[in-house]
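Everything numeric here is computed off the predicted structure, so don't read it as measured data. Numbers restart at 1 for each chain; the letters A, B, ... are given by sequence-line order, proteins then strands.
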Protein chains: 2
Amino acid sequence: MTPGATNLLGIIADALPTLNKSEKKVASVILADPEKATQSSIAVLAVAAGVSEPSVNRFCKKFNAKGFPDFKLKLAQSVVSGIRYVSQNVAAEDDVGSYTGKIFDSTITNLALVRDKLCLDLVDRVVDKLIQARRVYFFGLGASSAVAKDAEHKFFRFNLPVSFHEDVLMQRMLASAGTTGDVFFIISYTGRTRELVESATLARESGATVIGLTAPNSPLAKVCHLAIEVAVPENTDEYMPMTSRIVHLVVLDVLATGVTVRRGPEFQPYLKKIKDSLKSTRYATDD
Amino acid sequence: MTPGATNLLGIIADALPTLNKSEKKVASVILADPEKATQSSIAVLAVAAGVSEPSVNRFCKKFNAKGFPDFKLKLAQSVVSGIRYVSQNVAAEDDVGSYTGKIFDSTITNLALVRDKLCLDLVDRVVDKLIQARRVYFFGLGASSAVAKDAEHKFFRFNLPVSFHEDVLMQRMLASAGTTGDVFFIISYTGRTRELVESATLARESGATVIGLTAPNSPLAKVCHLAIEVAVPENTDEYMPMTSRIVHLVVLDVLATGVTVRRGPEFQPYLKKIKDSLKSTRYATDD
DNA sequence: GAAAATTATGAAATAAAATTACATTTTTGG
DNA sequence: CCAAAAATGTAATTTTATTTCATAATTTTC
């Protein structure tokens with residue numbers, strides 16, 4: 001898992017290559033079924049791994065635990081956080097349970113990955129730009145079009161002057177007409193969609209601020225003033241859906257939250273007003 | 001903590017009035033500093049509570065633990081989720097790092113929660129319906145509109161006859177005109193949006209199959225033939241964006257994958273064709 | 001309101017689990 | 001191939017948890 005992972009399972013997975021023979025045995029038994037490991041005694045675990053009890057004990061101390069019980073405690077907490085490190089690709093012979101688990105797990109894993117890697121300073125700067133913007137345009141195509149649409153909805157609720165465009169011609173026209181104070185927020189998983197890169201370039205030339213949510217070192221990232229670069233491993237497998245969309249949505253959640261937090265509490269009444277306006281469209285709750 | 005809490009700390013807090021003298025002592029010591037309790041031995045905890053060791057042990061067994069170590073394990077897990085739960089909401093004084101972490105963590109936690117609760121049998125049945133459908137309509141409004149749009153995009157890639165509608169009038173017309181073989185897939189976080197519930201009712205009356213992705217026991221869920229009920233805790237806090245969207249998207253990923261897996265490998269060439277058709281719109285990769 | 005029954009609690013013994021000290025084996029580098 | 005270092009295991013020790021049983025507190029019943 002990610003280098004610098006904060007959770008024990010991730011740390012163990014990271015350290016795997018640096019461990020010696022018996023430690024590797026212990027690690028793989030734990031990684032294979034962390035939950036079971038938390039419920040085993042040191043003796044049981046030692047037998048399962050085919051090593052002696054002191055080896056297990058030494059293993060625990062290596063990972064900054066006071067001893068085996070303390071290690072189990074930390075492991076149990078790590079298990080709770082929901083991250084399982086054994087996600088593989090979906091296979092043709094998978095049953096419902098398998099592919100459901102795999103998809104959830106890989107989504108969760110990727111989120112955890114990005115959480116640990118996201119540049120906070122950059123988030124802060126993007127939030128700055130969004131707050132100062134006279135107007136924000138969200139552009140996306142294909143799968144990212146739904147992401148951009150979601151962003152529009154969310155930021156509108158947070159009372160930012162936003163709009164969303166999935167029409168390539170509209171995107172070009174708006175980009176060309178951009179001025180200082182306009183922010184173009186361009187979302188693309190690959191960062192290689194020609195139309196979007198061109199719109200970004202136009203927007204930049206017209207003096208607007210261009211922000212990208214995209215792949216590291218992609219053509220799009222290079223054109224942007226600020227690029228939030230999200231590296232989600234490519235899907236080697238045709239079955240596996242793109243988790244990048246999800247990660248992008250969560251990053252946008254973070255940005256929206258950043259905007260709201262920065263604005264402070266005097267902004268709260270506005271949010272309530274929007275929420276209340278939706279009430280009449282709903283059936284009352286039972287209780 | 002809420003009554004009926006699933007987490008150990010909540011359960012203990014709930015049970016407090018029903019406990020006898022020494023059990024109360026133990027409970028209050030644990031509740032006062034759960035984290036410390038997880039790191040204490042039974043002897044230390046007994047002294048801290050002013051009771052004997054067997055009393056502590058009995059206390060643990062009362063809460064469905066095998067013994068003291070097992071209890072500590074569960075407590076440790078409860079502390080993690082509890083702390084997350086308590087500090088989950090974004091506060092006005094949070095800095096970038098805090099709110100970023102909180103949003104990622106709560107998203108991850110909710111995904112893990114739903115992963116473990118999702119009814120696999122239901123997923124299987126919904127996949128069945130989707131495969132057999134003559135036509136699938138995705139309906140959503142507000143935040144769920146972007147989710148429905150994403151679903152259209154994804155299922156279209158998987159060559160299902162799908163369309164997405166966010167126009168209430170279109171939704172009503174299509175629902176009224178539905179026939180056997182049509183599937184109406186209606187997405188709503190609350191399950192209480194009047195327009196969607198009405199469309200669902202119309203669709204059902206016209207003989208089509210109605211599938212919902214929504215809240216448990218909501219009006220919408222009741223109208224549907226099949227309802228995938230996703231319980232994501234309400235955000236009490238105005239700052240926090242809805243994680244339900246994310247969970248819905250992942251559930252739709254699961255369904256799309258189910259459809260593809262069920263169709264088997266002879267369907268693969270089609271997926272490749274779609275993928276290839278997008279190539280010419282992109283800049284070549286560097287490597 | 002006192003005796004019996006029930007329940008709660010703790011002391012001590014027992015059992016289980018984890019840790020340590022040290023011996024043996026394996027690996028590494030000359 | 002040998003010596004030094006590292007890794008691993010055996011067995012003793014220590015720590016920790018659990019059970020048993022006796023005692024104390026509480027409740028119930030007449």
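The separation between B:N57 atom CG and D:dA17 atom P is 9 Å, rounded to whole Å. D:dG9 atom C1' lies 14 Å from atom CG of A:N20, rounded to whole Å. Computed from coordinates, the A:K24 NZ to D:dT8 P distance equals 10 Å when rounded to whole Å. Rounded to whole Å, atom C1' of D:dT15 lies 17 Å from atom CG of B:L45. Whole-Å rounding puts the B:I42 CD1 to D:dT18 C1' distance at 8 Å. To the nearest angstrom, P of D:dA6 lies 14 Å from CZ of A:R58.
Remark on the helix from C:dG1-D:dC30 to C:dG30-D:dC1: inter-end axis angle 30°, axes from five-pair C1' superpositions, rounded to 10°.
In this pair, B:F63 and B:F59 present their aromatic rings tilted. The plane angle is within the 30 to 60° band.
Comparing B:K66 and B:K21 by the nucleotide of DNA chain D whose heavy atom lies nearest to each, the residue mapping closer to the 5' end is B:K66.
Atom CG of A:L8 and atom CD1 of A:I12 lie 4.0 Å apart (nearest 0.5 Å). Rounding to the nearest 0.5 Å places CG of B:L118 at 11.5 Å from CG of B:L113.
The outermost nucleotides of DNA chain C lying under 4.0 Å from heavy atoms of chain B, listed 5' to 3', are C:dA8 to C:dA11.
Applying the salt bridge (Lys or Arg N to Asp or Glu O under 4.0 Å) test to every pair with at least one member in residues 44-62 of chain B, sequence neighbours left out, gives these pairs: B:E23-B:K62.
Contact annotation: the side chain of B:I187 approaches that of B:L252 to within less than 4.5 Å [non-hydrogen atoms, C-beta and beyond]. Taking the side chain as every heavy atom from C-beta outward, A:C224 and A:L226 never approach each other to under 4.5 Å.
Residue-level contact check: A:K61 touches the backbone only, with heavy atoms under 4.0 Å from sugar-phosphate atoms and none from bases.
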